[in-house]
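Letters go in sequence order (proteins before strands), and every chain restarts at 1.
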Number of protein chains: 2
Amino acid sequence: PNMAVGGAAITMNEARITVLGVPDVPGASFEIFSRIAEQNISVDMIVQNVGDEGHADISFTVPRDELQPTLDAVASASQSLGALDVTHDENVAKVSAVGLGMAQQTGVADRMFRGLSEAGINIQMITTSEIKISVLVSRPEAQTALRVIHEVFSLHQEPTDRPTF
Amino acid sequence: PNMAVGGAAITMNEARITVLGVPDVPGASFEIFSRIAEQNISVDMIVQNVGDEGHADISFTVPRDELQPTLDAVASASQSLGALDVTHDENVAKVSAVGLGMAQQTGVADRMFRGLSEAGINIQMITTSEIKISVLVSRPEAQTALRVIHEVFSLHQEPTDRPTF
Ligand SMILES: C[C@@H](O)[C@H](N)C(=O)O
Ligand SMILES: C[C@@H](O)[C@H](N)C(=O)O
């Protein structure tokens, strides 16, 4: 099926937190996110890839100005889980291609990643849904990444003139 | 802000592919997804966590019956990238909580992960958008995971009776 990317979005002031080496067992994610929920911290992206040898890394983003309370909340979770480490980066931004019918995302990912590749922008994290592909990039590159998405999906054009992918 | 989970979704017959140890440089994601796009393979989830020492793991899911052509496409990408390895699992399913206004997802993640934890279901991958939290679980656990989501978000009730989180 065809899909149409209808827009692009940017969240400029994110911070990324990663809990490394989380035991890959039921309840571990809950331990982390219950502590965060207790502090009423607003989480944006959550990314976890498959575990390796019984451990997984869980990353998530929060508004940059919520980094410190997040690190405090995560520190206690990490300790009680026996996770390996907690890292963070406050120089990141989320950029997204937003679709109208992106149930098949392959063409969108291909085109979006080509554009970012040609602009020399490194993709730090990827997360997707049927209507959205989001990448985390460094903040200095975020505006360029947004411009790239506008260009590769012809978003400055009228919707009827836009190609579908 | 409050948010409402309006529904749950399940994609029962997924297969997960992971390219391990991808060089964490611009163009690497494009190399993988261009090969997949060339084969017209429909990709569902794409998950990448932050890299470590110059390498990152990229996972994605496809319909289970597209696994073999996907492995063929990825094999050549992996080789040209000098990635470490390619792994896969065809015994997985995607289960999601779908929201109406989930711009702040913390309460949803907390509640969803609590339910899965109490049911003893292991979360293999996590990906999110403003309107959705999706987890990859083993296929035998998928129906239970779906039931859990219905229960923790009271999805059998009329919308006006549902709590918001
Ligand atoms: C790693 C973490 O997601 C774990 N598998 C859990 O289910 O909580
Ligand atoms: C790992 C991969 O995402 C790489 N960082 C890229 O930009 O393509």
Side-chain angles (χ1 to χ4, degrees), chain A residues 1 16 18 20 24-34 36-38 40-52 56-60 87 89 96 103-107 109-111 113-114 116-136, chain B residues 1 16 18 20 24-34 36-38 40-52 56-60 87 89 96 103-107 109-111 113-114 116-136:
Chain A
R16 184 266 305 161
T18 301
L20 291 159
D24 191 10
V25 294
S29 294
F30 172 58
E31 174 65 26
I32 292 166
F33 290 97
S34 60
I36 294 167
E38 267 167 31
N40 285 315
I41 292 162
S42 46
V43 170
D44 184 15
M45 295 166 96
I46 302 173
V47 169
Q48 180 202 313
N49 211 331
V50 288
D52 181 33
D57 303 332
I58 300 178
S59 291
F60 59 95
T87 65
D89 184 348
S96 308
Q104 178 184 306
Q105 296 176 18
T106 307
D110 170 52
R111 187 167 288 254
F113 297 167
R114 176 188 300 134
L116 294 172
S117 163
E118 288 176 0
I121 294 171
N122 198 49
I123 298 166
Q124 298 184 10
M125 279 174 33
I126 303 169
T127 183
T128 59
S129 75
E130 278 78 356
I131 62 152
K132 199 177 223 194
I133 296 183
S134 295
V135 296
L136 198 73
Chain B
R16 184 265 306 161
T18 302
L20 292 159
D24 191 10
V25 294
S29 293
F30 173 57
E31 173 65 26
I32 292 166
F33 289 97
S34 60
I36 293 168
E38 267 167 32
N40 285 314
I41 292 162
S42 44
V43 170
D44 185 12
M45 295 166 96
I46 302 173
V47 168
Q48 181 202 311
N49 211 332
V50 289
D52 181 34
D57 302 333
I58 301 178
S59 291
F60 59 95
T87 65
D89 184 348
S96 308
Q104 178 184 307
Q105 295 176 18
T106 307
D110 169 53
R111 187 167 290 252
F113 296 167
R114 176 187 300 133
L116 294 171
S117 164
E118 288 174 359
I121 294 171
N122 198 49
I123 298 166
Q124 298 185 11
M125 277 173 35
I126 304 168
T127 183
T128 58
S129 75
E130 277 78 356
I131 63 153
K132 199 176 222 194
I133 297 182
S134 294
V135 296
L136 199 72

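Of all the heavy atoms in A:Asp110 and B:Phe33, the pair that sits closest is CB-O, 3.9 Å. For B:Ser29 against A:Ile126, the heavy-atom pair with the smallest separation is OG-CD1, 3.8 Å.
Most heavy-atom pairs under 4.5 Å with chain B, from the set A:Ala56, A:Ala119, A:Ser134, A:Gly120: that is A:Gly120. Each of A:Leu116, A:Ile32, A:Asp24 has some count of heavy-atom pairs under 4.5 Å with chain B, and the biggest count is that of A:Asp24. Heavy-atom pairs under 4.5 Å with chain A were tallied for B:Thr87, B:Asp89, B:Thr18, B:Val50; the largest tally goes to B:Val50. Options B:Gly27, B:Pro26, B:Ser96 differ in how many heavy-atom pairs under 4.5 Å they form with chain A, and the most are formed by B:Pro26. Among A:Ala28, A:Gly51, A:Ser117, the residue making the largest number of heavy-atom pairs under 4.5 Å with chain B is A:Ser117.
A side-chain donor from one of B:Ser59 and A:Asn49 sits under 3.5 Å from a side-chain acceptor of the other.
Between A:Met125 atom CE and B:Ile46 atom CD1 the span is 14.0 Å, to the nearest 0.5 Å. To the nearest 0.5 Å, the span separating CZ on A:Arg114 from CD on B:Glu31 amounts to 11.5 Å.
Counting only distance, with no hydrogens or angles, the side chain of A:Gln48 and the backbone of B:Val135 share no donor-acceptor pair below 3.5 Å. Side chain of A:Thr127 to backbone of B:Thr128: a donor-acceptor contact under 3.5 angstrom is found.
Looking at A:Lys132 and B:Lys132, their side chains never come closer than 4.5 Å, going by heavy atoms from C-beta outward.
Heavy atoms of A:Ile121 lying under 4.5 Å from chain B belong exclusively to its backbone.
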